[in-house]
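Naming: A, B, ... by sequence-line order, numbering from 1 per chain. A quick note: this is a predicted structure, and the numbers were derived from the prediction, not measured.
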Amino acid sequence: SQTIHQWPATLVQPVGSPLSLECTVEGTSNPNLYWYRQAAGRGLQLLFYSVGIGQISSEVPQNLSASRPQDRQFILSSKKLLLSDSGFYLCAWSWGIGGADNEQFFGPGTRLTVL
Amino acid sequence: SQQGEEDPQALSIQEGENATMNCSYKTSINNLQWYRQNSGRGLVHLILIRSNEREKHSGRLRVTLDTSKKSSSLLITASRAADTASYFCALKSHGSGNTGKLIFGQGTTLQVKP
């Protein structure tokens with residue numbers, strides 16, 4: 001069976017500090033991977049998605065970047081955090097080629113507070 | 001906007017009652033999915049309905065889809081306190097290709113009072 005891990009679960013960082021959030025998937029190969037941000041009481045904003053190693057698509061201009069150094073590893077980074085980067089960050093995966101329905105499977109999320 | 005729009009934004013009912021949430025959209029879709037999110041947790045996939053389907057059931061869940069009106073509804077029958085959560089519709093549009101991208105609505109927050 002497939003599992004998705006995210007860490008850390010919570011993070012408090014000062015403005016201007018760097019950020020690295022990690023997401024890994026087990027039990028599948030060549031997944032599509034996604035990073036979302038969710039503001040309090042709001043819907044999901046897609047930040048980045050990836051259909052393969054080294055292939056990153058950005059949905060919105062922002063202070064963040066993403067990388068996919070391995071097939072099942074997706075990293076969200078920032079060189080200098082802003083207050084507006086606070087939020088709940090969710091990683092998700094879906095079946096790659098052949099996964100016609102696009103059902104997505106979510107990790108537990110990381111609560112980021114920038115002070 | 002292609003985004004799914006959900007109605008109502010918040011719903012409060014008594015245990016045992018039925019809860020109905022609606023999702024409207026503007027794009028052409030391949031399928032529409034519903035997800036559930038407990039407070040502070042990730043989303044969990046509930047049910048998927050394809051564009052050529054009109055109704056689907058899964059346990060106490062009933063989903064309908066009207067592509068002519070570009071709307072869907074999620075019905076939870078005989079609700080329980082444990083159903084308290086946020087519910088999101090998500091669209092797979094025709095243009096998503098093999099990216100797997102979904103377009104999520106803003107969600108309906110359901111509170112079921114014991």
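The candidate with the highest count of non-hydrogen atom pairs below 4.5 Å against chain A, out of B:Val44, B:Thr109, B:Leu102, is B:Leu102.
Neither the backbone nor the side chain of A:Phe105 comes within contact range of chain B; no heavy atoms are under 4.5 Å apart. No part of A:Gln6 comes within reach of chain B, as not one of its non-hydrogen atoms sits under 4.5 angstrom from that chain. For A:Arg42, the parts lying under 4.5 angstrom from a heavy atom of chain B are both the backbone and the side chain. For A:Gln38, the part sitting under 4.5 Å from any heavy atom of chain B is the side chain, from C-beta outward, and nothing else. Both the backbone and the side chain of B:Leu43 come within contact range of chain A, with heavy atoms under 4.5 Å apart. Neither the backbone nor the side chain of B:Glu6 comes within less than 4.5 Å of any heavy atom of chain A.
Connection of A:Val114 to A:Val12 is not established within any shared hydrophobic cluster, with ILVMFWY side chains joined at heavy-atom distances below 4.5 Å, either directly or through further cluster members. A:Leu112 and A:Leu115 fall into different hydrophobic clusters, where Ile, Leu, Val, Met, Phe, Trp and Tyr residues are linked whenever their side-chain heavy atoms come under 4.5 Å apart, directly or through other members. Hydrophobic clustering of Ile, Leu, Val, Met, Phe, Trp and Tyr side chains at less than 4.5 Å, counting indirect connections, keeps A:Ile75 apart from A:Leu46. Cluster membership check: A:Phe106 shares its hydrophobic cluster with B:Phe88, using side-chain heavy-atom separations under 4.5 Å among Ile, Leu, Val, Met, Phe, Trp and Tyr. Cluster annotation: B:Leu48 and B:Leu74 are assigned to distinct hydrophobic clusters (Ile/Leu/Val/Met/Phe/Trp/Tyr, side-chain heavy-atom contacts under 4.5 Å, transitive).
From A:Tyr34, atom OH reaches atom NZ of B:Lys101 across 9.5 Å, with rounding to the nearest 0.5 Å. Atom CG in B:Leu46 sits 10.0 Å away from atom CD in A:Glu103 (nearest 0.5 Å).
The number of heavy atoms from other shown groups lying within 6.0 Å of CD (B:Gln9) does not exceed 12. More than 12 heavy atoms of other residues, nucleotides or ligands sit less than 6.0 Å from atom CZ of B:Arg54.
Within the 3.5 Å criterion, the main-chain N or O of A:Gly43 finds a donor-acceptor partner in the side chain of B:Gln106.
B:Arg41 approaches A:Phe88 most closely through the heavy-atom pair O-CE2, 3.4 Å.
Contact of the A:Gln104 side chain with the B:Phe104 side chain is registered, since non-hydrogen atoms from C-beta on lie closer than 4.5 Å.
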